Amino acid sequence: MRSLLSIKGLEKTYPNGVKALQGISLDVRQGEFLVIIGLSGSGKSTLLKCINHLIEPSSGEIIFEGKDIAHVTGPEAQHIRQKMAMIFQSFNLVERHSVLSNVLMGALSRTSTLKSILGFFSSDEKIKAMEYLKLVGIDDKAYYRAGQLSGGQKQRVAVARALMQNPKILLADEPVASLDPATCHVVMDYLKKINQELGLTVVCNLHFLSLVRQYATR
Ligand code: ADP
C-alpha cells in the first residue's frame, strides 16, 4: 500500500516543558484503519493535532503529498487542515444549529466567507450533506437542533461534517470515549463503513484494546 503520510522523528515539547512526543516515526498507508493505542497522557492527541496543524511540532518532519508540512503557516496550513478532517471526543458541534447546518459547516473551507456568514450553500452542497447524513444513518434528524441529539448521534453528525470536507484522511481523537459500550460499536461501525466503502484512510486514537482488535487494520 502507498504511504499517504510519513512522519519522521517528530518531537513536541509544550511551553511548560512537558515532552509530549519524542522520536515518533511512522507511515500512514493509503486506505488503512490505523489505530494509535496508548494510556491517557501518552501523547496520542498531541500527535493528531501536530498532523492536523492545530499545534506546531518542535521538530521532525510530516511528509504529506510529497512535501514536509510540519512548519507551514497561513493559507497553506489552512489548505492542509481542509484535507485532514478531525473528529473529537467531545463532538464539537454548534448545539443551537440544526444537524444539517452543522454538516454544511464542513464545506466552509471551500465556500467564500460572505456566503458562509449568510448561510448560503448551493443545492449540490445540501444534497451532499443529506447523502452523508444518510450514510451515517441519521438523515431523519437533519432538521433537529444538534443539542437535541444523544452522544452517539452527535458523533455521527460530526462524522458527516468531516466527510463534507472531502478529506484525504480522517483523524479521530478518542471518538467513542464519551459513549456507552453499545453506542461505541455503532459509531465505530460507521467509521469502519466509511473506511471500507469510501476508501477513506482513518487514523484513530483509542484506549480500549477490545475495540482496537475489532476495528483496526493495523
Ligand atoms: P493523550 O491524548 O494520549 O491523552 P496528550 O497528547 O493529550 O495525551 O498529552 C500528552 C502530554 O502532554 C500529557 O502529559 C499532557 O498533560 C501534556 N499536554 C497536553 N496538552 C498540553 C498543553 N497544551 N500544554 C502543556 N502540556 C500539555
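All of these numbers come straight from a predicted model, not from anything done at the bench. Both counts, for ligands and for their atoms, begin at 1 and track the order of listing. Side chains are part of it too, since the values below use all heavy atoms of this structure and drop only hydrogens, waters and symmetry mates.
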Next item on the list: Can you pull out the closest protein heavy atom to atom 14 (O) of ligand 1? Residue, atom name and distance to 0.1 Å, please.
Entry: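 For this ligand atom, the closest protein heavy atom is V18 CG1, 3.7 Å.
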Margin query: Suppose we measure from atom 18 (N) of ligand 1 to each protein heavy atom; which comes out shortest, and what is that distance?
Written below: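 Protein heavy atom at minimum distance: Y14 CE1, 3.3 Å.
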Next item on the list: Answer yes or no: does atom NZ of K141 have more than 12 heavy-atom neighbours from other residues, nucleotides or ligands under 6.0 Å?
Entry: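 Yes, the 6.0 Å shell around NZ holds more than 12 heavy atoms from other groups.
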Item checked: Shortest non-hydrogen contact between I194 and V136, atoms and distance ->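 It is CD1-CG1, 4.3 Å.
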Apply the side chain to side chain contact (heavy atoms under 4.5 Å, CB included) test between [X] and each candidate in [options]; give the one that qualifies.
| X | options | value |
| --- | --- | --- |
| M130 | L100, L135, V103 | L100 |
| L21 | P57, C50, S42 | C50 |
| L170 | L198, T201, L191, L163 | L191 |

Next item on the list: Please work out whether any backbone atom (N, CA, C, O) or any side-chain heavy atom from C-beta onward of T46 is under 4.0 Å from ligand 1, and answer side chain, backbone, both or neither.
Entry: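 For T46, the contact with ligand 1 is made by both the backbone and the side chain.
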Identify, by atom number and element, the atoms of ligand 1 in contact range of [X], meaning under 4.0 Å from any of its heavy atoms.
| X | result |
| --- | --- |
| S42 | 1 (P), 3 (O), 8 (O) |
| K44 | 1 (P), 2 (O), 3 (O), 4 (O), 6 (O), 8 (O) |
| N16 | 25 (C), 26 (N) |

Note to self: Assess whether a salt bridge exists between K134 and E131, defined as any Lys/Arg side-chain N lying under 4.0 Å from an Asp/Glu carboxylate O.
What the structure shows: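 No.
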Note to self: If you take the nearest heavy atom of each of C50, S45, G17, A177, which one is closest to atom 2 (O) of ligand 1?
What the structure shows: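 Of the listed residues, S45 has the closest heavy atom.
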Check: For the atom pair CG (L200) and CZ (F33), what is the distance rounded to the nearest 0.5 Å?
Finding: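 So the CG of L200 and the CZ of F33 are separated by 10.0 Å.
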Notebook entry, point to check: Below 4.0 Å from any atom of ligand 1, is there a heavy atom belonging to G41?
Noted result: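 Within the 4.0 Å threshold, so yes.
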Next item on the list: Please confirm whether L39 comes under 4.0 Å of ligand 1, counting heavy atoms of the residue only.
Entry: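 The answer is yes, since L39 has a heavy atom less than 4.0 Å from ligand 1.
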Check: Are the side chains of F91 and V157 in touch, meaning some heavy atoms are under 4.5 Å apart?
Finding: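 Side-chain contact under 4.5 Å: no.
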Notebook entry, point to check: Could any protein non-hydrogen atom be found less than 4.0 Å from atom 16 (O) of ligand 1?
Noted result: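 Neighbour list for atom 16 (O) of ligand 1 is empty of protein heavy atoms (cut-off 4.0 Å).
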Checklist line | Heteroatom distance test (G43, ligand 1): nitrogen or oxygen, under 3.5 angstrom | finding: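 Yes - when backbone and side-chain N and O of G43 are compared with those of ligand 1, one distance drops under 3.5 Å.
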